[in-house]
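Read through the structure below, which is laid out as structure tokens, and then see the notes.
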Amino acid sequence: MGAIEPRILKGFRDCLPQQMIARQRMLRAIEGVFERYGFSPLQTPALEYSDILLGKYGDDAERMLYRFADKGGRDVCLRYDLTVPLARVAAQYGNLPMPFRPYQIGPVWRAEKPGRGRYREFLQCDVDIVGSPSLLADAECMAVDNDVLSALGVTNFTIKLNNRKVLTGLLESLGPAASSGENANGILRTIDKLPAAGEKAVRRLLATDNGLDQSTIGRIFEFLGIEGSNEQMLAGARRFFGPSEAGAEGISELSDVLARAAGLGVPEDRVRIDFSIARGLDYYTGSVFETFLLDLPGFGSVMSGGRYDDLISMFVGREMPAVGISVGVDRLFSAMAELGLIKPSKSVTRVLVAPMSTEAVRPALESASRMRAAGRATEVYLEQAKLKKQLKYADQRGIEAVVILGADELAAGEATVRLMTEGEQIQVPLGDLPARVASLLG
RNA sequence: GUGGAUGUAGCUCAGCUGGUUAGAGCGCCAGAUUGUGGUUCUGGAAGUCGGGGGUUCAAGUCCCCUCAUCCACCCCA
């Protein structure tokens, strides 16, 4: 008795009904946006063979993989995101019609230190477009991003946009020391820290961690220092790169994606080119985006993604371009809670049927069934209790209507319906109950 | 992982320089005449004072260790 202390693992959370109700509403809104863009649901397992996930994310991320041997001695990992499992699916099923447009809603796990808006288990909602190299697909991801936040009532945000080709072009222009393989990824991850860590720290890290000399670092910051409107930044970057350099292709893609996104109705002032956005994950190859809430500076990105044209080919060996974006549902939810955009609900029940005596139980059950058939979430009070207690039960749960069935009502063949917010009561013939309650509740 | 802060009732916290049976607000439960919630009034339940060790006649209060949480750095959704 009580010998086991109830507790929960660090970084993991219970979502009690009061939160879950609002969270489910949020998920439905997100799902609605996804489906309006023609994305279809996909689900994959929480566990994958380790070799499916390893080598896709980069060192920083891989340290955060939950990895263990299962009962059969298989080397497995909890998925770190939804993108790599999707890549596996796209590679594994040869009969998928392309472009393949799945959306996924599911938990992912990262064994990192939890903090504000950071958990070890959290829900991601991804949309991906597999099999199309079109930059229109990139722009669609941004439009989904914009629509999702708008649908949730969030208005003050910025989608930061960059292109990996710009960054790799930058590194190539610096010579082989900077642009070769793993070192290039390391440099990008360092650059990605710029908004959080600041220029000084990044300069130091580029020298100590990435082994760059001061003139190379100077050149990088010459590029990162390009400022101004999106147009001005594109123009500045064009001047920086020669026309034949790899970076120029990225600049042209950026310009294209911007135009397409505007065409899809993404307000232009919500999109900002930011050359320091690299994303911590290795698999990105083209567009990268991260979304920030301007009312919560320092909160971190609530939605992000990018193009990963080479990831799926790591499984199949042939070209398979893809682009996607991911909503950090839990983070977004806690951000919205901080901003007061979440209305908590205590229960989904809208009607409580209150039987006042044992004789009233049978008619109460029947009434409840008919109310449910009419589509109203209905509970029957389970114990014999005073009316006072039953009304209190309804009040505590925010239940809008109580159907009272007592001796008087039974004798008259009707029920008393009490509307809790108004405090009004009306007599309703039992036969009309579902229709009347439905119209009273709206 | 580094630095700082905090751990007292379900929640938010008070408890002065160590001194008898540890408090408040909110919440919860019950009652204010027999079938009417949310307001009010009355009453009630509930705490190994995070855990362990030490100093002392005496520790929630001082010291040490440990665990946990929060904030910053770091990293990301």
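In what follows, chains are A, B, ... by sequence order, proteins preceding strands, each numbered from 1.
Between K386(A) and G31(B), a side-chain N or O to OP1/OP2 separation shorter than 4.0 Å is present.
The shortest distance between side-chain heavy atoms of V351(A) and E379(A) does not fall below 4.5 Å. Side-chain contact between F39(A) and I129(A) is present, with heavy atoms from C-beta onward closer than 4.5 Å.
At the heavy-atom level, Y393(A) lies nowhere under 4.0 Å from the strands shown. If you check every strand for non-hydrogen atoms under 4.0 Å, I404(A) touches a base. Counting non-hydrogen atoms under 4.0 angstrom, E409(A) reaches a base of the nucleic acid. Residue T421(A) is classed as a base contact, given a heavy-atom separation below 4.0 Å to a base. Residue Q396(A) is in sugar-phosphate contact alone, with no base atom involved, counting any heavy-atom pair closer than 4.0 Å across all strands shown. Looking at heavy-atom distances under 4.0 Å, A407(A) makes contact with a base. Within the 4.0 angstrom heavy-atom criterion, base atoms lie near D408(A). Counting any heavy atom pair closer than 4.0 Å across all strands shown, S326(A) reaches no nucleic acid atom.
By the neighbour-count criterion of 12 heavy atoms within 6.0 Å, atom CD of E366(A) is densely surrounded, having more than that number from other residues, nucleotides or ligands.
Taking only distance into account, the side chain of D395(A) meets the base of G37(B) through a donor-acceptor pair shorter than 3.5 Å.
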Show the numbers, then the answer: is there a salt bridge (Lys or Arg N to Asp or Glu O under 4.0 Å) between E253(A) and K165(A)?
CA-CA 9 Å; E253(A) 286 194 4; K165(A) 287 175 188 167; 2.6 Å; yes
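Here the separation of C28(B) from C11(B), taken at their P atoms, is 15 Å to the nearest Å. On the P atoms, A9(B) is 10 Å away from G51(B), given to the nearest whole Å. Comparing A46(B) with U8(B), their C1' atoms sit 14 Å apart, to the nearest whole Å. Here the separation of A32(B) from G25(B), taken at their P atoms, is 23 Å to the nearest Å. Taking atom C1' on both U2(B) and G60(B), the two are 31 Å apart, rounded to the nearest angstrom. Taking atom C1' in both G18(B) and U56(B), the straight-line distance is 9 Å, to the nearest Å. The separation of U12(B) from U20(B), taken at their C1' atoms, amounts to 29 Å, rounded to a whole angstrom. Rounded to whole Å, the C1' atom of G44(B) lies 23 Å from the corresponding atom of U48(B).
Pairing partner, A5(B): U69(B), with both Watson-Crick or wobble hydrogen-bond distances short of 3.5 Å. Under the Watson-Crick and G-U wobble criteria, each requiring two contacts below 3.5 Å, nucleotide C76(B) is left unpaired. In this entry C62(B) has G54(B) as its Watson-Crick or G-U wobble partner, both defining distances falling under 3.5 Å. With a cut-off of 3.5 Å on both pairing distances, the Watson-Crick or G-U wobble partner of U42(B) is A30(B).
Each of L391(A) and E112(A) lies near RNA chain B, and the nucleotide nearest L391(A) is the one positioned closer to the 5' end. Projected onto RNA chain B by closest heavy-atom contact, V302(A) and Q425(A) fall at different nucleotides, the more 5' of which corresponds to Q425(A).
Look at D138(A) and R260(A) and you find no salt bridge, because none of the NZ, NE, NH1 or NH2 atoms lies under 4.0 Å from a carboxylate O. A salt bridge links R307(A) to D309(A): one of the charged nitrogens lies within less than 4.0 Å of a carboxylate oxygen.
Computed from coordinates, the E422(A) CD to U36(B) P distance equals 20 Å when rounded to whole Å.
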